[in-house]
Amino acid sequence: MSLVWHSIKLPPNEIYLDKLLRCGQAFRWVKNDNIWSSTLNNRVVFLRQIEDQLEYASLTSLKENSPKVKKLQPKLEEEIQDDVLGLISDYLNLQISIVQLYKDWASKDAHFAKVSAAFAGIRMLQQDPWETLISFICSSNNNVKRISKMCHALCLEYGDFIVEYAGTKYYTFPTPDQLASRASEASLRELGFGYRARYVYETSKMLADDKALFMQLHSMRSSNFTDEQVHEFLLQFKGVGPKVADCVALMSLNRHSLVPIDTHVLQFARRDYSYKFRGRSNATLSSAMYVDMKRFFVEKWGGYAGWAHSVLFTRDLKLE
DNA sequence: AAAGCAAGGTATACC
DNA sequence: GGTATACCTTGCTTT
């Protein structure tokens, strides 16, 4: 089984995989032999960059690629590849150019102008809302390494096997039904989820038991809802507070201006922007201060403040 | 080698 | 409205 590569012309300052796929937006991308891979829906996606080319390939289960299906629909293979391009374009948000956004942020913000050059190509992914919700419930008081480990464990234990390639077995991210029926709080604790086991299980159960709620979660991408409505909607899930709600809204529900305030943002707001809340430097982050700091960055960066935040967040992570 | 500590916070109990 | 505390685990840093 060999990969069939396709190419998109896209310079590294529009997308830089080596940082983007490790900067804590998504937790299931792995790099092997210079190729990044993960699964989207029930498909394995491979990505690599060579100069100005972003290349992609994909594999899926034999079931979908069966000779019977191919025979009935000769064009299927081509159509599948079109789908893959669409899938990847959506996931990577390729309809939005970040080069112009970087210039815009740099013109408004001297600090951004000074430090962003070394962090070019950090864009916002548009991920699956359900996976993003669970992933960021796992992120509380946690680190990227363990969050990744937990997300992989969910797929391995409760997802479906897709295909094996180059010695790696790929699994889907489990659906709410799968998680609610196959997992339990106890089994999740055994997998090392700690106190987040209950949150993950209860959120799965809520969405498995209420299909309308699951549909509603996905419908939150619609511009019919305000950022505030999306934020409030997400707070109903166990283990979701203001920060996680903003992450899910920004990274999976098109809420480009939301800036999730976490320990890193708190740090660089004070260190690099002399941010002070009502003239005082409070030690802990109150809800009033949370809201105020979000407003501070939206006023500074504008409608894509959440995207700008991701650049500085990546810088603060100190990858490598 | 053992202890200490921080890691993309949230829920809960109190004032 | 606002602030203090417990909470699981892991990997890295400090003794």
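Quick caveat, the model's predicted, so the values are computed rather than measured. In what follows, every chain begins at residue 1, and chains take the letters A, B, ... in the order their sequences are listed.
Summarising the geometry, the separation between OH on Tyr290(A) and C1' on dT10(B) is reported as 12 Å, rounded to the nearest angstrom. Computed from coordinates, the Lys238(A) NZ to dA11(B) C1' distance equals 10 Å when rounded to whole Å. At whole-Å resolution of the value, CG in Leu250(A) and P in dG8(B) are 17 Å apart. Spacing between atom CZ of Phe27(A) and atom P of dA7(B) amounts to 15 Å, rounded to whole angstrom units. Distance, Lys318(A) NZ to dA7(B) C1': 13 Å, rounded to whole Å. In this structure, Leu133(A) atom CG and dT10(B) atom P are separated by 12 Å, rounded to whole Å. One atom, CG of Asn143(A), and another, P of dC5(B), lie 17 Å apart when rounded to the nearest Å. Leu235(A) has its CG atom 14 Å from the P atom of dT12(B), to the nearest Å.
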| task | Under 3.5 Å for both distances, Watson-Crick or G-U wobble, that's the pair rule; now give the dot-bracket for DNA chain B, with | marking pairs to another strand and [ ] for crossing ones. | result | |||||||.|||||||

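For the pair Met124(A) and Met251(A), the tightest heavy-atom approach, listed with the atom from each and the gap, is SD-CG, 3.6 Å. Taking both residues in full, the closest heavy atoms of Asp52(A) and Pro12(A) are given as OD1-CD, 3.5 Å, listed atom of the first, atom of the second, then distance. Nearest heavy atom pair, residue Phe27(A) against residue Ser135(A), reads CD1-CB, 3.9 Å. Looking at every heavy atom in both residues, Arg28(A) comes nearest to Tyr171(A) through NH1-O, 4.0 Å.
In this structure, Phe313(A) counts as stacked on the base of dG8(B) under the 5.5 Å centre distance and 30° plane angle limits.
For Arg146(A) and dG11(C), the shortest distance from a side-chain N or O to OP1 or OP2 is not below 4.0 Å. Side-chain nitrogen and oxygen atoms of Ser287(A) include none within less than 4.0 Å of the OP1 or OP2 phosphate oxygen of dG1(C). At dT9(C), none of the side-chain N or O atoms of Lys149(A) fall inside 4.0 Å of OP1 or OP2 (strictly under the cut-off).
Salt-bridge check for Arg271(A) with Asp316(A): passed, with a basic side-chain N closer than 4.0 Å to an acidic carboxylate O. With salt bridges taken as basic N to acidic carboxylate O contacts below 4.0 Å, none links Asp246(A) and Lys243(A). Electrostatic pairing of Asp18(A) and Lys31(A) counts as a salt bridge here, judged by a charged N lying under 4.0 Å from a carboxylate O. Ion pairing between a basic and an acidic side chain is recognised when a charged N comes within 4.0 Å of a carboxylate O; Lys294(A) and Asp227(A) show no such pairing. Ionic pairing of Lys108(A) and Asp104(A) is present here: one or more N-O contacts between side-chain nitrogen and carboxylate oxygen are shorter than 4.0 angstrom.
In terms of position along DNA chain B, the nucleotide closest to Gln25(A) lies nearer the 5' end than the nucleotide closest to the other residue of the pair Tyr199(A) and Gln25(A).
Distance noted for atom C1' between dT10(B) and dG11(C): 23 Å (whole Å). The separation of dC8(C) from dC5(B), taken at their C1' atoms, amounts to 15 Å, rounded to a whole angstrom. Comparing the C1' positions of dA6(B) and dC7(C) gives a spacing of 14 Å, expressed to the nearest Å.
Nucleic acid contact class of Gly24(A) (heavy atoms, under 4.0 Å, all strands): base. Met251(A) comes within 4.0 angstrom of a base, heavy atoms only. Base engagement by Gly194(A) is indicated by at least one non-hydrogen atom pair under 4.0 Å involving a base atom. Among the heavy atoms of the strands lying under 4.0 Å from Cys23(A) is at least one base atom, whether or not backbone atoms are also near. Backbone-only contact: Ala288(A) has heavy atoms under 4.0 Å from sugar-phosphate atoms and none from a base.
In this structure, the nucleotide among dA7(B), dG9(B), dC8(C) sitting nearest to the side chain of Arg196(A) is dC8(C). When distances are taken from the side chain of Pro242(A) to each of dT10(B), dT3(C), dT10(C), the shortest belongs to dT10(B). Of the candidates dG8(B), dA7(B), dG2(C), dA7(B) carries the atom nearest the Asn141(A) side chain, counting heavy atoms from C-beta on. In the set dT3(C), dC12(C), dG8(B), the nucleotide with an atom closest to the side chain of Lys145(A) is dC12(C).
On a pure distance criterion of 3.5 Å, no polar donor-acceptor pair joins the side chain of Arg198(A) and the base of dC7(C). Interface remark: the Tyr195(A) side chain does form a donor-acceptor pair with the dG9(B) base, using a distance-only criterion of under 3.5 Å.
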